Amino acid sequence: MKKVPRPPKQTGTTPRSIPVNDGSAQYSFFQNVWDVVRQIPFGRVTSYGAIARYLGTGSSARMVGWAMNASFNISPKVPAHRVVNRNGMLSGKAHFTPPELMQELLEKEGLIVKDETIQEFETHFWDPAVEL
DNA sequence: AGTATGACTCATT
DNA sequence: AAATGAGCCATAC
């Protein structure tokens with residue numbers, strides 16, 4: 001797969017307030033993030049930074065988080081639970097409904113989550129820059 | 001229009 | 001080794 005041609009940094013002036021995938025969807029940074037996240041294999045996880053780096057360091061990891069926040073409303077569902085911070089901690093669990101859902105989903109995929117942190121994180125880490 | 005905030009990271013103290 | 005500050009860039013107020 002390895003499309004994701006590195007968006008030319010659509011900064012500032014670009015309209016899109018929460019790019020909802022309603023068909024007219026112009027390719028946005030968010031779309032790109034979702035494309036990558038959807039390709040995370042079952043039972044694997046990655047980090048915001050890894051995605052941001054894959055799309056170009058120019059876009060900070062914070063925006064990836066925003067993309068996840070918006071991902072709850074888009075059609076092709078995005079496995080946002082497979083995205084954690086670089087420590088393997090479920091920093092975004094508070095944004096799930098209910099918050100325990102994130103950990104449950106991960107455990108259902110065979111991962112071990114202890115104290116909001118994925119055990120053997122490095123083993124299950126999936127780096128788009130490498131795998132894609 | 002300017003300030004504050006965030007599902008982050010990295011460098012420095 | 002833990003805490004702090006600085007970059008990051010789109011939203012919210």
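If you're wondering where the values come from, they're calculated on a predicted model, not measured in any experiment. We use all heavy atoms of the structure for the numbers below, so side chains are in, but hydrogens, waters and symmetry mates are not. Note on naming: letters A, B, ... go to the chains in the order of the sequence lines (proteins, then strands), and numbering restarts at 1 for each one.
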Peer 1: Of the options B/dC10, C/dT11, B/dA7, whose atoms approach the side-chain atoms of A/Arg86 most closely?
Peer 2: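 Shortest atom-to-atom distance from the side chain points to B/dC10.
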
Peer 1: Could you check if a side-chain atom of A/Met63 sits within less than 4.5 angstrom of a side-chain atom of A/Val33, using non-hydrogen atoms only?
Peer 2: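 They are not in side-chain contact.
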
Peer 1: Given A/Val84 and A/Met102, is the side-chain contact (heavy atoms from CB on, under 4.5 Å) satisfied, shown in steps?
Peer 2: CA-CA 10 Å; A/Val84 297; A/Met102 184 176 191; 3.9 Å; yes

Peer 1: Would you list the pairs meeting side chain to side chain donor-acceptor pair (under 3.5 Å) in which at least one residue belongs to residues 81-95 of chain A, sequence neighbours left out?
Peer 2: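 Listed by first then second residue: A/His81-A/Glu109, A/Arg82-A/Glu109, A/Lys93-A/Glu116.
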
Peer 1: Tell me: CE of A/Met89 to C1' of B/dG6, nearest whole Å?
Peer 2: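 Taking CE of A/Met89 and C1' of B/dG6, I get 15 Å after rounding.
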
Peer 1: Rounded to whole Å, please give me the gap between CD in A/Glu116 and P in B/dA7.
Peer 2: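 Result: 13 Å.
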
Peer 1: Grab the CG-C1' distance between A/Asn87 and B/dA7 for me, whole Å please.
Peer 2: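 So the two atoms are 14 Å apart, to the nearest Å.
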
Peer 1: State which of B/dG6, C/dC8, B/dA7 makes the closest approach to the side chain of A/Asn69.
Peer 2: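 In terms of side-chain proximity for A/Asn69, the closest of B/dG6, C/dC8, B/dA7 is B/dA7.
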
Peer 1: Looking only at side-chain N and O atoms, does A/Arg53 come under 4.0 Å of OP1 or OP2 in B/dT9?
Peer 2: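 For A/Arg53, the contact criterion (side-chain N or O under 4.0 Å from OP1 or OP2 of B/dT9) is not met.
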
Peer 1: What's the CE-C1' distance between A/Met68 and C/dA10, to the nearest Å?
Peer 2: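 For the pair A/Met68 CE and C/dA10 C1', the rounded distance is 15 Å.
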
Peer 1: To the nearest 0.5 angstrom, please state how far the CG atom of A/Leu111 sits from the CZ atom of A/Phe42.
Peer 2: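 Rounded to the nearest 0.5 Å, the CG-CZ separation comes to 8.0 Å.
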
Peer 1: Of the candidate nucleotides B/dA7, B/dT9, C/dA10, which contains the atom at the shortest distance from the side chain of A/Asn85?
Peer 2: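 Closest nucleotide to the A/Asn85 side chain: B/dT9.
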
Peer 1: B/dT9, OP1 or OP2 - any side-chain N/O from A/Ser60 closer than 4.0 Å?
Peer 2: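 Indeed not, no polar side-chain atom of A/Ser60 lies that close.
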
Peer 1: What's the gap between B/dA1 and C/dC8 when it is taken at their P atoms, as a whole Å value?
Peer 2: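 Roughly 23 Å separates the two P atoms.
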
Peer 1: Using the C1' atom as the point on both nucleotides, what is the distance between C/dA2 and B/dA7, in whole Å?
Peer 2: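 It comes out at 23 Å once rounded to the nearest Å.
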
Peer 1: Looking at every heavy atom in both A/Asp127 and A/Thr46, which two are closest together, and how far apart are they?
Peer 2: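 Taking every non-hydrogen atom into account, CA-OG1, 4.5 Å.
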
Peer 1: Contact list please: residues 94-105 of chain A against DNA chain B, heavy atoms, distance less than 4.0 Å, in numerical order.
Peer 2: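 Correct list: A/His95, A/Phe96.
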
Peer 1: Please determine, for the side chain of A/Ala80, which listed nucleotide (B/dA7, B/dT9, C/dA10) has the closest atom?
Peer 2: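 Per side-chain heavy atoms of A/Ala80, the pick is B/dA7.
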
Peer 1: Would you kindly give the OH-to-C1' distance between A/Tyr54 and B/dT9, to the nearest whole Å?
Peer 2: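 Between C1' of B/dT9 and OH of A/Tyr54: 21 Å.
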
Peer 1: Is there a path of hydrophobic side-chain contacts, each under 4.5 Å between heavy atoms of I/L/V/M/F/W/Y residues, joining A/Leu132 to A/Ile51?
Peer 2: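 Yes, because A/Ile51 and A/Leu132 connect within a single hydrophobic cluster, where side-chain heavy atoms sit under 4.5 Å apart.
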
Peer 1: With clusters defined by side-chain heavy atoms of hydrophobic residues (ILVMFWY) lying less than 4.5 Å apart, directly or transitively, does A/Tyr48 cluster with A/Ile74?
Peer 2: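 Per the 4.5 Å side-chain linkage, A/Ile74 and A/Tyr48 are co-clustered.
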
Peer 1: Closest approach to the side chain of A/Met63, judged atom by atom: which nucleotide of C/dA10, B/dA7, B/dT9 is it?
Peer 2: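 Looking only at heavy atoms from C-beta outward on A/Met63, the closest nucleotide is C/dA10.
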
